[in-house]
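Both ligands and their constituent atoms are indexed starting at 1 by order of listing. Every heavy atom of this structure was used, including side-chain atoms; hydrogens, water molecules and symmetry mates were not. Since we're looking at a predicted model, the values are computed, not measured.
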Amino acid sequence: MVIRLADDKKPPARRGDSERQTGLVLDERTRTKKPPMYKVLLHNDDYTTREFVVWVLQTVFHKDEGAAIAIMSHVHNHGIGVAGIYTFEVAETKVTKTMALAKAQQFPLQLSIEPTDESD
Ligand code: TYC
């Protein structure tokens with residue numbers, strides 16, 4: 001007797017030997033898809049000091065002094081620039097921390113989050 005099942009009723013494809021032995025079977029999507037990534041954008045303003053922006057890039061975004069100065073100068077000259085690229089949760093945390101540090105010093109520094117072109 002032949003049993004025909006619609007594709008969505010079929011059991012999942014058999015896993016390889018090592019997966020069966022370890023029990024470490026991840027969903028197909030989990031194994032193959034990279035997480036979407038997001039740019040944290042820094043916005044220029046006339047009041048936040050250059051020193052504060054460089055310090056934030058070093059302490060929150062873990063840039064070395066040279067990279068921090070280069071990013072700050074780019075933002076100062078072009079109005080906007082990328083502070084770093086992260087998963088959404090990490091990007092959001094860095095934005096929240098940076099804006100809290102700026103606010104504590106009464107700097108109007110603004111940041112935003114934007115998906116990268118290859119966000120999935
Ligand atoms: N434009 C600021 C100044 O001249 C410096 C600055 C750079 C501010 C980058 C914000 O994201 C910024 N003091």
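The shortest distance between side-chain heavy atoms of Val40 and Phe61 falls below 4.5 Å. You'll find the side chain of Met99 reaches within 4.5 Å of the side chain of Leu111, heavy atoms only. Using a 4.5 Å heavy-atom threshold, the side chains of Lys94 and His62 count as touching. No side-chain heavy atom of Val53 sits less than 4.5 Å from a side-chain heavy atom of Val75.
Of the polar atoms of Tyr47, none of the N or O atoms is found under 3.5 Å from an N or O of ligand 1, judged by distance alone.
The distance from ligand 1 to the heavy atoms of His43 drops below 4.0 Å at these ligand atoms: 10 (C), 11 (O), 12 (C).
The backbone N or O of Met37 sits less than 3.5 Å from a side-chain atom of Thr116, completing a donor-acceptor pair. His78 contributes a side-chain N or O that, together with a main-chain N or O of His74, makes up a donor-acceptor pair within less than 3.5 Å.
Closest to atom 9 (C) of ligand 1 among all protein heavy atoms lies Val75 CG1, 3.6 Å. Of the protein's heavy atoms, His76 CE1, 3.1 Å lies nearest to atom 4 (O) of ligand 1. Atom 7 (C) of ligand 1 has Asn44 OD1, 3.6 Å as its closest protein atom, hydrogens excluded (heavy atom only).
Of the candidates Val56, Asn77, Thr48, Thr48 brings a heavy atom nearest to atom 13 (N) of ligand 1. Among Leu42, Asp46, Asp45, the residue whose heavy atom lies nearest to atom 2 (C) of ligand 1 is Asp45.
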